[in-house]
Structures are given as structure tokens and as C-alpha cells.
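Just below is one structure, and these are the notes that go with it.
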Amino acid sequence: MSHYKSGVLFTVVGALLWGISGTSGQFLLQQRGLTSGWLVAVRMLMAGLILLMLCYKKEKEAIFRVWKDKRDRRDLFLFAALGLSFCQYTYFATISHSNAGTATVLQFLAPVLIMIYLSVKNRKLPRPAELTAITFAVAGIFLLATHGRFDSLAISQEALIYGLLSAVSVVIYNLQPARLIKTYGTLLSLGWGMLIGGILLSLVYQPWRIIGTWDLAAFAALLVIIIFGTVISFSLYLEGVHRIGATIGSLLSSAEPLSATFLSVFWLGTSLHWTDLVGIVLILSTVFLLTLKTKPIKASEIIQTEPNI
């Protein structure tokens with residue numbers, strides 16, 4: 001298999017595993033009685049420890065170098081709290097109030113928000129393709145939230161608010177740790193960020209106090225979220241993006257909401273209105289529009305760390 005084809009395969013499999021992880025989260029939240037905060041705290045703690053162990057195997061004591069610089073420590077705590085913890089909590093809270101497909105699609109508004117942010121920051125008007133992407137994003141949100149009606153919401157107000165906050169959190173997640181990741185690498189920054197974020201959330205949600213109903217299916221779903229939906233998926237996706245580039249990677253990452261929606265419907269019995277499908281297509285099309293520009297915005301190279309990790 002060629003270098004490029006293997007990159008495509010790694011990227012798609014990584015994105016598919018994130019979709020499976022989101023649906024597994026929906027199963028635990030809606031059918032096994034777990035709460036978003038408890039699930040996120042456990043996921044971040046376990047994933048952080050596993051990632052740091054993998055980094056230690058390769059770098060040994062060098063994994064602690066991030067703690068030597070005051071600015072690095074500050075950025076790491078900001079990444080853990082405002083980036084990872086906020087991103088994870090709002091994402092699973094959206095799933096809790098709706099479904100994995102809707103939550104994942106709403107997160108895909110992040111590229112549009114980043115594009116708007118960079119346009120304002122650089123004082124440059126959006127190009128026609130970018131304006132079209134904004135229009136499609138707004139129309140997609142409207143259809144998902146209202147099913148085309150102006151007098152009512154088709155999803156709960158909580159799901160809409162958490163979903164939009166989730167997209168905002170992805171903007172923070174992608175832009176804030178850029179210097180940290182450039183200095184220490186993605187896996188090490190993510191490992192410490194996950195562990196710190198999990199510790200912070202544990203102060204509130206106390207993962208040692210077991211909640212919900214636990215059986216073989218529940219344990220399997222949690223294992224999928226931590227191992228397949230975090231460590232393996234992230235490793236595959238990053239390697240794939242390294243081989244094929246962030247632009248193609250961002251297009252192939254659309255496999256995540258598609259797999260999450262498919263599993264949510266056929267595994268958990270989530271019902272979809274035809275307007276939901278149109279809204280999903282409109283929002284996902286914004287990724288294509290933003291990667292087809294002649295001069296991609298800087299964010300197109302930043303958006304290679306998947307939010308649902």
C-alpha cells in the first residue's frame with residue numbers, strides 16, 4: 001500500500017472510531033444512567049495516563065520538561081481547562097440532551113467560527129466561498145434546531161446551547177495550544193492536558209463514586225471510548241494527516257459525524273427527520289468549501305487535532 005493510500009486509510013479509520021466513541025457515549029448517558037461530567041472525568045484521567053505512558057516509553061524523563069517553564073505550565077493549565085475539559089464536557093452534554101450525530105455535526109461548525117475569528121483578527125473580508133460556508137452553516141443549524149419551523153425547536157434548548165458552546169470550545173482547543181504543541185508535540189501536550197483536565201473535573205464529579213448501571217455492555221462502551229475512541233483513533237488520525245496533509249485530512253474527518261449518525265440511528269434507534277439530513281449535509285459541506293479556497297486560511301493547517309479526542 002502506498003504512503004498516500006495508507007494515510008487516507010489511517011485518517012478515515014481514526015475518524016470512524018471517533019464516531020463510534022460518540023455513539024458509545026450516547027449509550028452510556030441515555031441507557032446506563034451516567035452523567036456527562038462523570039464520564040468525561042473518567043475518560044480524561046484514563047486517556048491522559050495511557051498517553052503519558054506511551055510518551056514515557058519513547059521519551060523517558062523528558063516528558064516532565066513541560067513543567068520547567070512558567071509560561072508552559074500556564075498554557076498547559078489553560079489548554080486542560082478551557083480547551084480539553086470544556087470541549088469534552090460540552091460535547092457529551094450535547095449528546096446527553098440529543099444524540100451523538102447531532103452533537104458531532106454541531107462541533108463541525110468550528111472551522112467556520114475559526115474562519116470568522118481569523119477574518120476579524122486579520123481585518124480581511126471573507127471570500128465568496130467563506131461567505132457561502134457561513135450561509136450553509138447558519139441554514140444547517142436552523143434545520144437541525146427547528147426542522148424548518150420558526151415557532152418551535154426540534155431539539156431541546158439545552159442541546160442547542162451545549163452544541164454551540166461545543167463548537168466554540170473547539171475553536172479554543174485548536175488555537176490556544178498551538179505554541180505548546182509546536183514545542184512539545186501533540187501526544188505529550190494532549191497527555192498532560194487530559195490528565196490535568198481529568199483531575200480538575202474529578203474535584204467536582206468524583207469518578208470514584210460509581211454511578212449508573214454497569215454490565216458487560218457498559219464496560220465495553222467505556223473501553224471503546226477510552227482506548228479506541230481516544231488513544232488508537234487519535235494516533236491513527238495524526239499519522240494519516242501527517243501523510244496526506246491537513247486539508248485532505250479535514251475533508252476525510254467528515255467520516256466521524258456520518259458514522260456517529262449512522263450508529264445512532266441503527267444501533268440506538270435515534271429517529272431523524274429529513275430536515276436533519278439536509279442540515280447535516282449543509283454543515284458538513286462547509287468543510288469542503290473552506291478547503292477548496294485557492295489560499296487556505298491558517299486555520300486549515302491548525303484543524304488537524306480532532307475535537308472529540
Side-chain angles (χ1 to χ4, degrees), residues 11-12 15 18-19 22 83 87 90-91 94 98 100-148 150 154-155 159-176 178 237 241 244-261 272-308:
T11 305
V12 171
W18 276 313
C87 179
T90 53
Y91 172 67
T94 308
S98 58
T102 298
T104 309
V105 169
L106 287 175
Q107 272 201 339
F108 262 67
L109 293 168
V112 175
L113 296 180
I114 292 177
M115 180 269 296
I116 294 172
Y117 166 78
L118 292 178
S119 295
V120 173
K121 180 182 178 181
N122 298 327
R123 298 180 180 179
K124 293 178 62 177
L125 291 175
R127 298 185 178 93
E130 295 170 342
L131 291 173
T132 303
I134 294 172
T135 302
F136 281 12
V138 173
I141 293 173
F142 173 73
L143 290 176
L144 279 177
T146 69
H147 285 176
F150 288 91
I155 61 176
L160 181 59
I161 292 174
Y162 277 123
L164 295 177
L165 286 175
S166 177
V168 172
S169 74
V170 176
V171 177
I172 301 173
Y173 173 91
N174 278 278
L175 296 179
Q176 187 273 333
Y237 184 80
V241 168
I244 64 178
T247 299
I248 301 300
S250 64
L251 292 174
L252 296 178
S253 68
S254 299
E256 180 193 355
L258 295 179
S259 67
T261 301
L272 289 180
H273 193 265
W274 69 267
T275 53
D276 294 324
L277 298 177
V278 176
I280 290 171
V281 171
L282 285 172
I283 291 176
L284 293 186
S285 68
T286 63
V287 179
F288 289 81
L289 288 169
L290 293 177
T291 53
L292 288 176
K293 301 190 306 299
T294 55
K295 293 182 180 180
I297 56 176
K298 186 177 180 182
S300 66
E301 293 302 321
I302 296 174
I303 306 169
Q304 54 179 291
T305 51
E306 175 62 34
N308 301 327

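Both backbone and side-chain heavy atoms feed into the values below; hydrogens, waters and symmetry mates do not. In this chain, residues are counted from 1 in sequence order.
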With side chain to side chain contact (heavy atoms under 4.5 Å, CB included) as the test, pick out the partner of Ile155 among Asp276, Thr146, Leu160. Leu160
Between the side chain of Thr104 and the main-chain N/O of Pro257, is any donor-acceptor distance below 3.5 Å? no
Check: Tyr162 main-chain N/O paired with Ser166 side-chain donor or acceptor under 3.5 Å: no
Can you name the nearest heavy-atom pair linking [X] to [Y], along with the distance?
| X | Y | value |
| --- | --- | --- |
| Thr94 | Ala159 | CG2-O, 3.6 Å |
| Ile283 | Ala137 | CG1-O, 4.2 Å |
| Leu282 | Gly140 | CD1-N, 3.9 Å |
| Leu113 | Val171 | CB-CG2, 3.6 Å |
| Gly163 | Leu106 | CA-CD1, 3.7 Å |
| Ala15 | Ser259 | O-OG, 4.2 Å |

[atom1]/[X] to [atom2]/[Y] distance, rounded to the nearest 0.5 angstrom?
| X | Y | atom1 | atom2 | answer |
| --- | --- | --- | --- | --- |
| Ile280 | Ser285 | CD1 | OG | 12.0 Å |
| Leu165 | Tyr91 | CG | OH | 15.5 Å |
| Thr90 | Gln107 | OG1 | CD | 6.5 Å |
| Ile134 | Ile116 | CD1 | CD1 | 4.0 Å |

Trp274 side chain reached by Val278 side chain, heavy atoms, under 4.5 Å: yes
Would you say that Phe136 contacts Thr132 through its side chain, given a criterion of any heavy-atom pair below 4.5 Å between the two side chains? yes
